[in-house]
Amino acid sequence: ESWKWLKLGRLGTSSINDDVLRREVRQLENGYLSNSRLERSKIRLQRLPYIESVEVETTPVPGSSDLVDVDFQIKEGLPGQFSGGIGYSESQSVLLNGSFVHSNFMGTGNRVAAEINAGQYSKVFSLSHTDPYTTIDGVSRTVSATWRSISQFTTSSSDFETETGTLGLDYSWPLTEFQSVRMGFAAQRSDLFTDPNSSAAEALYWVQNNGNTYTEVQNVGIPPIALTYYGTRFDTFEYSLGWSYDSRNRALFADRGSRH
C-alpha cells in the first residue's frame, strides 16, 4: 500500500498571520496523510472566532505517486465588534457606554477587549488581553484590569462612595484535543468612604469597624466647621480553578459537539 505524503499548501488569508493558522493544523507537513487529522485541523480552524468557513482539498502532485498537496480554503469573518452609546437621564445626567472586542488583534490571533460605562453615580472601566498561544504547546494567558467607582447605588440612598481596582491573571493548559484546565489569580483593592452628613448609620458603623480604617478631617463652610470623614481599605485575593470540555465543530452556530 502506498502512503500519500502531505505538502501543506498556502493558507489563503490576508489579515491573519500565517503561523496563527498553521499552529491549529494537526496534519504535519511532509508526514503521512491522515483523514482524521485533516478533519480535526479543519474543525480547529473554523472554531477560531474570526474564521467563517474552511474547506480542505487534496490534489496529487504531478510526477509523484505518493505525494499530495493539501490546500485549506479559508473564508475570513469579522474579527471584532464595537459598540457605543450616549444618553441622558434626570437622575444620572449624561450616560456614556462603549465596548471594543477584537479577537485577531493585528493579525496575531490575540484577543483584546475594552469596556467603559460612565454616569454620575457609577463608572466602570475594564481592559483584557488574551494570548491563546503563550507557549508553543497551546498554553493561553489572559491579563485583565478593572476599575469601578460608585458614589451612590440609587439617587435616594445615602452617600457611600466605593472605589475598586482589580488585576487578574489567568492561564489555561490543554490536556487533550477536547479538554483543558484553567487556573487564575486576582487581586483587588477596595476603598469605601462615607459622609457623616448624609451616609446611613449602618454604613458609618461598618466602615469604622471593618478593614483598614482611616479618618479625614475637612473644614467646610464659612465660618469653617471641621467634619470628620470615615473610610476603610481592604484587599482581596482570589484563586480560581476550572476544567472545560469542548468538542464543537465551530465557535458560532455549532451543529455538532458540546461544551461543558
Side-chain angles (χ1 to χ4, degrees), residues 6 8 11 13 15-32 34-52 54 56 70 72 74 76-77 79-81 99-115 126-146 165-189 235-260:
L6 169 72
L8 195 62
L11 298 168
T13 59
S15 61
I16 307 174
N17 295 348
D18 193 63
D19 63 295
V20 172
L21 300 174
R22 288 184 181 272
R23 66 194 183 190
E24 301 295 337
V25 176
R26 289 301 180 256
Q27 174 65 63
L28 296 179
E29 198 166 13
N30 293 324
Y32 291 118
S34 168
N35 290 330
S36 61
R37 290 179 180 177
L38 283 182
E39 180 63 21
R40 184 58 188 164
S41 301
K42 175 183 176 181
I43 290 176
R44 288 185 65 91
L45 285 168
Q46 68 185 16
R47 274 176 43 175
L48 297 174
Y50 40 87
I51 299 299
E52 184 174 329
V54 179
V56 184
V70 178
F72 288 87
I74 298 176
E76 297 181 48
Q81 60 186 26
S99 66
F100 169 80
V101 177
H102 203 294
S103 56
N104 182 35
F105 188 67
M106 300 183 68
T108 62
N110 294 348
R111 183 182 187 273
V112 175
E115 182 179 2
S126 65
L127 181 67
S128 68
H129 174 271
T130 300
D131 183 352
Y133 276 82
T134 302
T135 71
I136 194 173
D137 298 321
V139 176
S140 69
R141 179 190 64 201
T142 299
V143 181
S144 60
T146 303
T166 306
L167 293 175
L169 181 62
D170 187 285
Y171 281 92
S172 177
W173 290 267
L175 297 177
T176 67
E177 279 291 309
F178 304 103
Q179 299 183 70
S180 63
V181 292
R182 180 185 61 83
M183 184 175 67
F185 172 79
Q188 179 176 281
R189 163 65 62 89
D235 299 324
T236 304
F237 302 96
E238 181 178 284
Y239 296 91
S240 61
L241 184 66
W243 166 86
S244 66
Y245 175 89
D246 193 346
S247 62
R248 296 171 301 163
N249 62 336
R250 57 175 59 91
L252 297 176
F253 306 113
D255 52 26
R256 294 201 313 271
S258 61
R259 183 174 69 168
H260 303 279

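Checking side-chain atoms of N249 against main-chain N and O of D255 turns up a donor-acceptor pair under 3.5 Å. One N or O on the side chain of S247 and one on the backbone of S258 form a donor-acceptor pair closer than 3.5 Å. Using a distance-only test at 3.5 Å, with no hydrogens or angles considered, no donor-acceptor pair links the side chain of Q179 to the main chain of W243.
Of the residues N104, T142, V101, the one that meets the side-chain contact (heavy atoms from CB on, under 4.5 Å) test with R111 is V101.
More than 12 heavy atoms of other residues, nucleotides or ligands sit less than 6.0 Å from atom CZ of R23. Heavy atoms from other residues, nucleotides or ligands lying under 6.0 Å from CG of N35 number 12 at most.
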Inset, instruction - Run the numbers on Q188 and T166 for side-chain hydrogen bond (donor to acceptor under 3.5 Å, both in side chains), then give the verdict. - result: CA-CA 4 Å; Q188 179 176 281; T166 306; 3.1 Å; yes
Legend entry - Stepwise side-chain contact (heavy atoms from CB on, under 4.5 Å) test for E24 and L48: CA-CA 9 Å; E24 301 295 337; L48 297 174; 4.0 Å; yes
Inset, instruction - Go through R47 and D246 one step at a time and tell me if the side-chain contact (heavy atoms from CB on, under 4.5 Å) criterion holds. - result: CA-CA 10 Å; R47 274 176 43 175; D246 193 346; 3.6 Å; yes
Inset, instruction - Might you work through the side-chain contact (heavy atoms from CB on, under 4.5 Å) test for L21 and F72, ending with a clear yes or no? - result: CA-CA 10 Å; L21 300 174; F72 288 87; over 6 Å; no
Inset, instruction - Start with the C-alpha gap between R182 and S240, add the side-chain angles, then the distance that decides, and say whether side-chain hydrogen bond (donor to acceptor under 3.5 Å, both in side chains) holds. - result: CA-CA 8 Å; R182 180 185 61 83; S240 61; 3.2 Å; yes
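Look at R44 and E177 and you find a salt bridge, because one of the NZ, NE, NH1 or NH2 atoms lies within 4.0 Å of a carboxylate O, short of that distance.
Taking the six-membered ring where tryptophan is involved, the planes of F100 and H102 are tilted, since the angle between them lies from 30° to 60°. Under the 30°/60° scheme for interplanar angles, the aromatic rings of F178 and Y245 are found to be tilted.
In this structure D131 satisfies the side-chain hydrogen bond (donor to acceptor under 3.5 Å, both in side chains) test with no other residue, sequence neighbours excluded.
Using a 4.5 Å cut-off on side-chain heavy atoms (C-beta onward), S128 and V143 make no contact.
Counting all heavy atoms, side chain and backbone alike, R248 lies closest to I43 at O-CG2, 3.6 Å. L167 and A145 get closest at one heavy-atom pair: CD2-CB, 3.6 Å.
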